[in-house]
Amino acid sequence: MFALIDCNNFYASCERVFNPSLNNQPVVVLSNNDGCVIARSNEAKALGIPMGAPAFQIKQLLNKHNIHVFSSNYALYGDMSARVMNILSNFSPELEVYSIDEIFLKLEGFNLYDLTQYGWNMIDLVKRSTGIPISIGIAPTKSLAKVANKIAKKFPERTKGTYVIDTPLKVEKGLKWTEIGDVWGIGRQYQRKLLGIQVTNAWQFTQLPNEYVRKEMSIVGLRLQRDLSGIPTLDLEEVAVKKNIAVTRSFEKMYTDFEDIRERVATYASKVSLKLRKQNSCCQIAYLFLHTNKHREDLPQYANGISIRMPFETNSTMVISKAAMIGLKRIYREGYQYKKAGIIVMGLTPDTHKQLGLFYNEDPRHKVLMQTIDRLNKNCFDQVKFGAQDLSKIWKMQQNHLSKRYTTRLNELIEVKV
């Protein structure tokens, strides 16, 4: 059996843990630079706040209903997620952290357990330890566990947060209840195709001929169909080394000056280099892109990108930043107001297996220097920067509604007044 544990309205729940006055109040969380709605409490959903809506377009609606608005506080959310996942890891040695608020547990050898009670035990411990509410779906396969989780979340009074699919009748009822667009792994393209042949729910999808599914949706669709039918096909996935790493950000405002954009690109190069080192990888190619605000149709539009091949495999911030600057000079054009840039490093290889060149190789002192800088920044909250970065600012993202980082900053610890 597989259990899928999902944190309810995770970002909003994190805000409520440290600010109980938000309980039963409508709450929304915005994306980077306070752009779009990326999380909503149930109360906000009931008021008709759409997911992905640009904040400036629904400003009147937010004010009208006194909705509490927060900027994304990833330091807080990431730490709370780690705490929840650490607690849940005690319930099974086999697990897969699927996202920041979801985890799969493989429950082998639990035949004599009351799985519903086991789920309630998880809910109680996580709630008491972190304050985060969770929903649990348990079923013979991963995709059915997704279905069970949706049922547990949809009918909390009846399920008390846990629903177990353990009989053929429950499988059939759960699949007939699940609309085809809500099936895990069915994207919009396949949804349109399936609706075109009158397949409106997951049960009807499982009844399609295998040959049709394989022809129209490849082997991936066939595996999903088997898994939904109750035949274990999708197993837990191991953490894989990434094939490329990206750092892309929208600017807090539109930039026209080259030096402003240069500083942002240098910061992104520093961040992507750090990610490479954390994975113990080096890159061979860096792709840099830059574009204007596509939502501002009243302004001239421009977008461009360029690939820069490194002289050798590297994860040095100095080398990658220098390559990014060369690329930026080639694609930058005056007269435009730029809104976003990003760096994607590709051709990743293990740091321990570098291919040496005949004429050019990395300065061996770079590795020691990067390790020292990473250690200092970990202990001193990113105080060490490179010359091309803005030395006067720690964070340049627009976050007008940011809450405190209660669990990761000593100067932002929660205050209790008695």
Worksheet item: Are more than 12 heavy atoms from other residues, nucleotides or ligands located less than 6.0 Å from atom CZ of Arg158?
Response: no
Fill in: Heavy-atom pair with the smallest gap, counting every atom of Asn9 and Asn42
ND2-OD1, 3.3 Å
Worksheet entry | Gln207 atom CD, neighbour heavy-atom count above 12 within 6.0 Å | yes
Item to complete: Please indicate whether Tyr113 has more than 12 foreign heavy atoms, meaning atoms of other residues, nucleotides or ligands, lying under 6.0 Å from its OH.
Response: no
Practice prompt. For side-chain hydrogen bond (donor to acceptor under 3.5 Å, both in side chains), just list the numbers for Gln204 and Thr200, CA-CA rounded to whole Å, side-chain angles, deciding distance to a tenth of an Å, and then say yes or no.
Written response: CA-CA 7 Å; Gln204 293 171 336; Thr200 60; 3.1 Å; yes
Fill in: Validation row, ring centre Phe91 to ring centre Tyr118 under 6.0 Å
yes
Practice prompt. Check whether any side-chain heavy atom of Val147 lies under 4.5 Å from a side-chain heavy atom of Val183, and answer yes or no.
Written response: no
Discussion item. Run the side chain to side chain donor-acceptor pair (under 3.5 Å) test against Glu94 and tell me which residues pass, sequence neighbours left out.
Written reply: none
Item to complete: Heavy atoms only: give me the nearest Val29-Ala12 pair and the separation to one decimal.
Response: CG2-N, 4.2 Å
Worksheet item: Is it true that the NZ or CZ of Lys170 lies under 6.0 Å from the centre of Tyr163's six-membered ring and within 45 degrees of the ring axis?
Response: yes
Worksheet item: Looking only at heavy atoms, which two atoms of Met310 and Val319 are closest? And how far apart?
Response: SD-CG1, 4.3 Å
Item to complete: Begin from the C-alpha positions of Arg223 and Asp227 and carry the test salt bridge (charged side-chain N to carboxylate O under 4.0 Å, His left out) through to its verdict.
Response: CA-CA 6 Å; Arg223 288 172 180 165; Asp227 210 64; over 6 Å; no
Worksheet item: Donor-acceptor pair, Thr407 side chain versus Leu76 backbone, under 3.5 Å?
Response: no
Item to complete: Search all heavy atoms of Val69 against all heavy atoms of His401 and return the closest pair with its distance.
Response: O-CB, 3.3 Å
Discussion item. If the test is side chain to side chain donor-acceptor pair (under 3.5 Å), which one of His366, Lys322, Arg365 qualifies with Ser316?
Written reply: His366
Discussion item. Tell me whether Lys59 at atom NZ has more than 12 heavy atoms from other residues, nucleotides or ligands lying less than 6.0 Å away.
Written reply: no
Worksheet item: So, Asn315 and Lys367: side-chain donor and acceptor under 3.5 Å apart, yes or no?
Response: no
Fill in: CA sep, side-chain torsions, deciding dist, call: Lys106, Asp235, salt bridge (charged side-chain N to carboxylate O under 4.0 Å, His left out)
CA-CA 9 Å; Lys106 195 171 186 180; Asp235 206 345; 3.2 Å; yes
Fill in: salt bridge (charged side-chain N to carboxylate O under 4.0 Å, His left out) assessment of Glu43 paired with Arg16
CA-CA 13 Å; Glu43 295 80 6; Arg16 284 172 165 171; 2.9 Å; yes
Discussion item. How about NZ on Lys340, more than 12 heavy atoms from neighbouring residues, nucleotides or ligands closer than 6.0 Å, or not?
Written reply: yes
Worksheet item: Is the distance between the ring centroids of Tyr77 and Tyr11 under 6.0 Å?
Response: yes
Discussion item. Check Glu211 with Lys215, please: is the shortest side-chain N to carboxylate O separation under 4.0 Å?
Written reply: no
Worksheet item: Taking everything shown except Gln371 itself, do over 12 heavy atoms lie less than 6.0 Å from its CD?
Response: yes
Worksheet item: Regarding Gln337 and Thr292, is there a side-chain donor-to-acceptor distance under 3.5 Å anywhere?
Response: no
Worksheet entry | Residues Trp184, Phe104; criterion ring pair (Phe, Tyr, Trp, His ring centres under 6.0 Å); working and verdict | CA-CA 14 Å; Trp184 180 46; Phe104 281 104; 5.6 Å; yes
Worksheet entry | Donor-acceptor pair between Glu263 and Thr267 side chains, under 3.5 angstrom | yes
Worksheet item: Does atom NZ of Lys294 have more than 12 heavy-atom neighbours from other groups under 6.0 Å away?
Response: no
Worksheet item: Got a sec: does the CD of Gln60 have more than 12 other heavy atoms crowding it under 6.0 Å?
Response: no
Item to complete: State plainly whether the residues Arg277 and Asp374 are in salt-bridge range, i.e. N to O under 4.0 Å.
Response: yes
Worksheet item: For residues Asn8 and Ser135, is any side-chain donor paired with an opposing acceptor at under 3.5 Å?
Response: yes
Worksheet, complete the sentence: Exactly one candidate in Lys153, Lys142, Lys146 meets salt bridge (Lys or Arg N to Asp or Glu O under 4.0 Å) with Glu102; the answer is Lys146
Worksheet entry | Worked verdict on Thr206 versus Gln225 for side-chain hydrogen bond (donor to acceptor under 3.5 Å, both in side chains) | CA-CA 5 Å; Thr206 62; Gln225 185 191 43; over 6 Å; no
Worksheet item: Quick one: does Val345's side chain get under 4.5 Å of Leu276's, heavy atoms only?
Response: yes
